[in-house]
2 protein chains.
Amino acid sequence: MRISTKGGYGIRAMYELAMAHGQGPVPLKVVAEKQALSENYLEQLMGTLRKAGLVRGIRGARGGYELALPPEKISVGDVIRALEGPIAPVSCVDLDAEAGCERHAHCPTRGLWERLRDSMIEVLDSTSLADLCKEAPQDAAPEDSGKGHC
Amino acid sequence: MRISTKGGYGIRAMYELAMAHGQGPVPLKVVAEKQALSENYLEQLMGTLRKAGLVRGIRGARGGYELALPPEKISVGDVIRALEGPIAPVSCVDLDAEAGCERHAHCPTRGLWERLRDSMIEVLDSTSLADLCKEAPQDAAPEDSGKGHC
DNA sequence: GCTAATTCCGACCACTTCACTAGGAATTCC
DNA sequence: GGAATTCCTAGTGAAGTGGTCGGAATTAGC
C-alpha cells in the first residue's frame, strides 16, 4: 500500500514550483538541489507532468519549469494520477476505466474497495499545492520567507 | 496506489474461511476453486497468514484451514498488514516503525501523508470479515445460504 | 499398516516495475 | 558563439510480482 517514489518526488517538486509561482521558471537543478533528488530522474517525471498539462517547460538559458495553473487549481491527486495512474486500490474499482470485473454484481469485496478508493480520493483531491504551501512549517525554508507566492 | 494481488487474494480467501467458520477446516483446494485462484500461490499466502496468527492449518486428510479468531475479530486491515506490510503511503509515516525521516519537523508533505494513512487505516480497520459476509450479495453463493456462519 | 488427502517448506522462474544513469539533440538568453 | 536549459531515448541493476514445482511431514479412514 505504498505510493512509489515517483508520486512522492513529484509532489515535492511541485511544491517547490508552487512556492516560486509567479517568479518565473525554476530550473530543475534548483528543484533537485532543494529537495535532494536526482536531477536526471526528476527530468523524466517533469516530462510526464508536462504531458499531463500540469507544468510548462521553458527551454534555453534562464529557462526552467513553472506551474501551468495557479497552485490552488492543482490538487495532490492530479499529480499522483499523472505519475502513478488512477487512484484505485484494485483495478476493478478504477473510476477512469469503465471496465469493472465480470462478476462485480456478486463480489463481496467490491464495496470495501470502493470505500477505500473514495476515502483516498477525498484526501488527495481536497489538498491543493497551495494548501501544502500554507501547511509548510515556517522553518522549512527561511530563505524563501516573504518572497514566494504562498 | 494499488494493493498487490496478495492482499486481494488474501481477503477473498479469508472471506471463504469466514463463510465456513464453525464448520471445520476448509481445504485450500476448495478455496482456490471457489475464488478461482492458483492453489499453489494461495498456499504461500496462507503460510504468511498462519505465521501472523490469523488462521490455523490442520494437516492430513480432512484437514484444511480455519480462522484462528471469530470473523468479527479479524479486520481487513489485519489481513492486508500481514500480507503487504504496514499500511502507509510512504515509509516515513509508518506507524509500526518509529523510524521517521530526519527532516520530519520541516517536511511540507508529512501532514498530507498522515491524513492519507489515517483515512486508509480507518476504512480497513473498521471492516471485519464478518462485515464482508454481511455485505455479500445474496446471489453470491446460493449453495451456502443457511449453512454458513454468517 | 497402507493409502489418499492435505499442510508445510524451499527452490526456482519469467516478467515487470523502480529508480536511476547517460548521452545527445534542440532551444533560448546573453 | 557559448552557456544554460529542456527534451528525448536507451540502458541497467535490483527488487517485487505472481506464480510453478517437487517433495517432506502429518493425519483420517480403511
Side-chain angles (χ1 to χ4, degrees), chain A residues 1-13 16-17 20 23-68 80 82-86 89-91, chain B residues 1-13 16-17 20 24-68 80 83-86 89-91:
Chain A
M1 279 316 264
R2 295 274 165 89
I3 62 165
S4 70
T5 59
K6 276 185 202 172
Y9 290 4
I11 297 289
R12 284 160 67 187
E16 287 300 331
L17 297 190
Q23 302 175 270
V26 184
L28 268 196
K29 200 176 167 187
V30 173
V31 176
E33 235 165 52
K34 283 203 182 184
Q35 291 287 333
L37 304 174
S38 147
E39 189 182 340
N40 281 327
Y41 190 36
L42 205 47
E43 205 177 292
Q44 289 179 38
L45 305 186
M46 296 310 283
T48 308
L49 292 174
R50 185 174 46 81
K51 282 166 200 156
L54 298 175
V55 300
R56 251 192 306 270
I58 292 137
R59 287 183 165 200
R62 296 294 196 106
Y65 286 94
E66 61 187 14
L67 298 185
I80 299 286
L83 292 171
E84 312 224 5
V90 296
S91 61
Chain B
M1 278 316 262
R2 295 273 164 92
I3 62 166
S4 71
T5 60
K6 274 186 203 171
Y9 290 3
I11 297 290
R12 284 160 67 187
E16 288 298 331
L17 297 189
V26 185
L28 268 197
K29 200 177 165 186
V30 172
V31 176
E33 236 165 53
K34 282 203 182 184
Q35 290 288 334
L37 304 175
S38 146
E39 188 181 341
N40 282 327
Y41 189 39
L42 205 48
E43 204 177 292
Q44 286 180 42
L45 305 186
M46 296 311 283
T48 308
L49 292 173
R50 185 174 46 81
K51 280 166 200 156
L54 298 177
V55 300
R56 251 191 305 270
I58 292 136
R59 287 184 164 200
R62 297 293 196 104
Y65 285 94
E66 60 186 16
L67 298 184
I80 300 287
L83 292 170
E84 312 223 6
V90 297
S91 62

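Throughout, a chain's letter reflects where its sequence line sits, starting with A, and its residues are numbered from 1. Everything quoted here is computed from the prediction, not taken from an experiment.
Here A/Thr5 reaches the OP1 or OP2 of C/dA19: one of its side-chain N or O atoms lies under 4.0 Å away. For D/dC7, one of the phosphate oxygens OP1 or OP2 lies less than 4.0 angstrom from a side-chain nitrogen or oxygen of A/Tyr65. OP1 or OP2 of C/dT21 sits under 4.0 Å from a side-chain N or O of A/Ser38. Contact between the side-chain N/O atoms of A/Arg50 and the OP1/OP2 oxygens of D/dC8 is found at a separation under 4.0 Å. Within the structure, a side-chain polar atom (N or O) of A/Tyr9 is placed less than 4.0 Å from OP1 or OP2 of C/dC20.
The CD1 atom of A/Ile3 sits 9.5 Å away from the CG atom of A/Leu83 when rounded to the nearest 0.5 Å. The distance from the CG atom of A/Leu28 to the CD atom of A/Glu43 is 6.5 Å, given to the nearest 0.5 Å.
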Practice item. Apply the test side-chain contact (heavy atoms from CB on, under 4.5 Å) to residues B/Tyr65 and B/Leu49: give CA-CA distance (whole Å), side-chain angles for both, the deciding distance (0.1 Å), then the verdict. Key: CA-CA 10 Å; B/Tyr65 285 94; B/Leu49 292 173; over 6 Å; no

Check your understanding: Run the side-chain contact (heavy atoms from CB on, under 4.5 Å) check on A/Leu17 and A/Met46 step by step: do they pass?
Key -> CA-CA 11 Å; A/Leu17 297 190; A/Met46 296 310 283; 3.7 Å; yes

Practice item. Give the intermediate values and the outcome of side-chain contact (heavy atoms from CB on, under 4.5 Å) for residues A/Arg12 and A/Leu37. Key: CA-CA 9 Å; A/Arg12 284 160 67 187; A/Leu37 304 174; 3.7 Å; yes

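What separates CZ of B/Arg12 from C1' of D/dG18 is a distance of 14 Å, to the nearest Å. Across the protein-nucleic acid pair, A/Leu37 atom CG and C/dT21 atom P stand 11 Å apart, rounded to whole Å. Atom-to-atom, NZ of B/Lys51 to C1' of C/dG10 comes out at 10 Å; the value is rounded to the nearest Å. Computed from coordinates, the A/Arg2 CZ to D/dT17 P distance equals 12 Å when rounded to whole Å. Atom OH in A/Tyr41 sits about 18 Å away from atom C1' in D/dC7, given to the nearest Å. As a whole-Å value, the separation of B/Lys29 NZ from C/dA4 P is 13 Å. When rounded to the nearest whole Å, the span between CG of B/Leu45 and C1' of C/dT7 equals 15 Å. The CG-C1' distance, from B/Leu42 to D/dC21, rounds to 16 Å in whole Å.
Among the heavy atoms of the strands lying under 4.0 Å from B/Gly57 are primed sugar atoms or P, OP1, OP2 only; no base atom is included.
Listed here is the closest heavy atom pair of B/Pro27 and B/Pro25: CD-O, 3.9 Å.
A residue-by-residue look at B/Glu39 and B/Glu84 shows that B/Glu84 has its nearest nucleotide of DNA chain D further toward the 5' end.
Although no hydrogens or angles enter the test, the distance criterion places a donor-acceptor pair under 3.5 Å between the side chain of B/Glu84 and the main chain of B/Ser4.
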Point to revise | Under 4.0 Å protein heavy-atom contact, by nucleotide of nucleotides 22-30 of chain C - B base, S sugar-phosphate only | key: B---BBBBS

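Closest contact between the side chain of B/Lys6 and the listed nucleotides C/dT6, D/dT17, D/dC7 involves D/dT17.
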